[in-house]
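Here is the structure we will look at.
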Amino acid sequence: MTTTKTPNPYTSGSTIDHRLSVAPMLDWTDKHCRYFYRLMSKHTVLYTEMVTTGAILRGKGDYLSYNDAEHPLVLQLGGSDVKAMTECAKIAEQYGYDEININVGCPSDRVQNGRFGACLMTEPSLVAECIDQMQAATNIPVTVKSRIGIDDLDSYEFLHTFIEQVAQAGCQHFIIHARKAWLSGLSPKQNRDVPPLDYKRVYQIKNDFDNLEISINGGIKSFTEANEHLRHIDGVMIGREIYNSPYMLVDADSDIYKTDATKLTRTEVIELMIPYINDTVNSGGRAWHILRHMLGLCNGLAGARKFRQHLSECAGKDGANGQVLLDAFRKVTLPE
């Protein structure tokens with residue numbers, strides 16, 4: 001159950017339905033988190049954490065491993081060197097990723113120093129060259145995730161020009177965080193909350209580029225809100241709300257994708273996670289690396305605080321395994 005993907009020749013012959021996706025979140029959406037999410041939704045598109053070209057090409061670890069169950073799965077790539085980006089795209093294709101997404105939205109100082117992330121919005125020709133070369137070298141789509149602007153470059157014309165130039169290079173799908181980013185003066189956390197949301201600007205991009213697939217990100221807290229956005233654009237990306245309340249994903253396939261899939265109960269989710277946790281521990285991993293992503297599973301239920309507390313106190317101990325999750329769940333009172 002917990003075997004990871006190893007490189008092999010791969011050609012993507014299908015297109016992903018991007019109506020709903022979970023945002024790439026650094027330190028959060030790792031392979032354990034994604035496996036947990038996939039149990040609850042078959043169709044929601046999952047993204048890796050941002051992985052830099054340097055980590056892939058020169059890092060000592062395997063930063064691209066994943067569980068086959070995670071598809072549809074997108075690698076979010078951080079970088080700006082065209083040659084390195086192209087080489088990483090070829091490697092990602094060999095690993096079997098369904099798409100590659102270029103990070104043009106992260107505002108952190110570390111990312112800026114590496115000349116990628118949101119600062120690349122000022123270099124659409126460079127982003128376009130990356131798109132052109134990466135797609136020429138692979139058979140999988142390359143997409144872009146950006147902001148609506150950066151610093152004082154926050155006019156609609158600035159965003160329009162960026163989209164236009166990058167689309168001309170062959171990018172067909174843009175995920176737009178509907179806030180601008182301040183590259184100095186605000187932390188990455190503040191950049192997720194302080195700049196005001198401007199959903200209408202993203203809607204206008206869709207109106208102006210009707211041939212492109214446009215997804216929206218930022219501040220979306222429910223599938224009711226998501227469906228309202230889907231009246232105007234093609235896809236919705238949700239991050240922190242799903243991470244904090246992951247059980248909402250059991251409604252994704254019915255509410256967003258309009259399927260008749262059976263919804264797992266929390267009990268069933270836990271039963272499915274137990275062997276995954278135990279297999280991981282038996283292979284040398286630690287239970288906490290999985291269970292930290294499950295802290296919000298019982299939010300809204302009586303005993304949820306005790307559930308979180310038990311996981312926090314016990315999952316990091318030597319020898320911890322799936323039993324910790326079972327013991328924590330016994331502290332929760334399920335609705336009648």
Side-chain angles (χ1 to χ4, degrees), residues 15-25 28-29 33-34 36-47 72 74 101 105 143 145-148 173-180 189 191-207 209-210 212-269 293-302 304-305 307-308 332 334-336:
T15 57
I16 293 178
D17 187 335
H18 296 102
R19 272 180 281 179
L20 179 67
S21 56
V22 179
M25 292 176 280
W28 289 5
T29 51
C33 179
R34 299 190 305 262
F36 169 47
Y37 289 170
R38 180 58 70 216
L39 292 179
M40 295 178 283
S41 171
K42 294 181 180 179
H43 300 288
T44 301
V45 182
L46 302 180
Y47 282 67
V74 182
N101 176 259
T143 70
K145 186 174 188 292
S146 74
R147 296 288 186 124
I148 58 173
H173 181 210
F174 292 83
I175 305 102
I176 304 174
H177 187 152
R179 288 184 175 94
K180 74 173 181 178
K189 182 179 185 300
N191 262 300
R192 293 193 295 266
D193 296 301
V194 174
L197 288 160
D198 190 348
Y199 294 137
K200 290 183 178 179
R201 186 170 299 190
V202 183
Y203 297 168
Q204 187 59 49
I205 286 292
K206 177 60 185 177
N207 288 337
F209 297 94
D210 187 54
L212 299 179
E213 188 173 4
I214 305 296
S215 295
I216 198 166
N217 173 227
I220 302 163
K221 298 184 180 300
S222 71
F223 295 151
T224 298
E225 291 179 31
N227 278 314
E228 178 58 32
H229 286 299
L230 289 171
R231 295 176 58 239
H232 305 278
I233 42 80
D234 303 297
V236 172
M237 176 177 278
I238 304 177
R240 285 171 291 165
E241 194 66 26
I242 287 176
Y243 193 85
N244 293 333
S245 300
Y247 191 65
M248 68 186 287
L249 277 173
V250 298
D251 292 316
D253 292 352
S254 59
D255 290 6
I256 302 297
Y257 289 95
K258 312 304 180 186
T259 70
D260 296 326
T262 302
K263 301 175 186 179
L264 294 180
T265 65
R266 286 182 175 87
T267 300
E268 289 169 331
V269 172
H293 302 302
M294 301 183 68
L295 290 171
L297 178 61
C298 295
N299 284 356
L301 299 182
R305 185 181 64 82
F307 173 84
R308 295 191 300 270
V332 175
L334 296 175
E336 295 293 335

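Predicted model only: the values in this text are computed from it and were never measured. All values below come from the heavy atoms of this structure, side chains included, with hydrogens, waters and symmetry mates left out.
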Seminar exercise, completed: All heavy atoms of A178 vs all of V202, minimum pair found to be CB-CG2, 3.9 Å

Exercise. Looking at residues at least two apart in the chain, or sitting in another chain, which of them share a side-chain contact (heavy atoms from CB on, under 4.5 Å) with L334?
Worked result: T267, L301, F329, V332

For this session: Examine distances only and state if a side-chain atom of N217 and a backbone atom of I175 form a donor-acceptor pair shorter than 3.5 Å.
Result: no

Seminar exercise, completed: Residues passing the side-chain contact (heavy atoms from CB on, under 4.5 Å) test with S21, sequence neighbours excluded, are V45, Y47, M237

For this session: For the pair R147 (side chain) and H177 (backbone), establish whether a donor and an acceptor sit closer than 3.5 Å, ignoring hydrogens and angles.
Result: no

For this session: Apply salt bridge (Lys or Arg N to Asp or Glu O under 4.0 Å) to R308 and list each qualifying residue two or more places apart in sequence or on a separate chain.
Result: none

Exercise. Can you check whether F174 reaches I205 side chain to side chain, under 4.5 Å on heavy atoms?
Worked result: no

Exercise. Of all residues at least two apart in sequence or in a different chain, which pass the side-chain contact (heavy atoms from CB on, under 4.5 Å) check with H43?
Worked result: D253, Y257, T259

Exercise. In Å and rounded to the nearest 0.5 Å, what is the CG to OG distance from N299 to S245?
Worked result: 5.0 Å

Exercise. Which residues pass the ring pair (Phe, Tyr, Trp, His ring centres under 6.0 Å) test with Y243, sequence neighbours left out?
Worked result: W28, H293

Exercise. Looking at side-chain heavy atoms only, is the closest gap between L46 and T29 below 4.5 Å?
Worked result: no

Exercise. Taking atom CE of M248 and atom CD1 of I238, what is their separation to the nearest 0.5 Å?
Worked result: 4.5 Å

For this session: State which residues pass salt bridge (Lys or Arg N to Asp or Glu O under 4.0 Å) with D234; sequence neighbours excluded, sorted by chain then number.
Result: K206

Exercise. Can you name the residues that form a side-chain hydrogen bond (donor to acceptor under 3.5 Å, both in side chains) with E241, not counting sequence neighbours?
Worked result: none

Problem set entry | Pairing residues for N244 by the side-chain hydrogen bond (donor to acceptor under 3.5 Å, both in side chains) criterion, not counting sequence neighbours | none

For this session: Heavy atoms only: give me the nearest L39-L264 pair and the separation to one decimal.
Result: O-CD1, 3.2 Å

Exercise. Below 4.5 Å, heavy atoms only, C-beta onward: do Y37 and V22 meet side chain to side chain?
Worked result: yes

For this session: Could you tell me whether the side chain of R266 and the main chain of Y247 form a donor-acceptor pair under 3.5 Å?
Result: no

Exercise. Excluding sequence neighbours, so at least two apart, what forms side-chain hydrogen bond (donor to acceptor under 3.5 Å, both in side chains) with N207?
Worked result: none

For this session: Not counting sequence neighbours, which residues clear side-chain hydrogen bond (donor to acceptor under 3.5 Å, both in side chains) with K263? List them please.
Result: D251

Seminar exercise, completed: Applying salt bridge (Lys or Arg N to Asp or Glu O under 4.0 Å) to E225 and not counting sequence neighbours gives none

Problem set entry | With R38 via salt bridge (Lys or Arg N to Asp or Glu O under 4.0 Å) - residues at least two apart | none

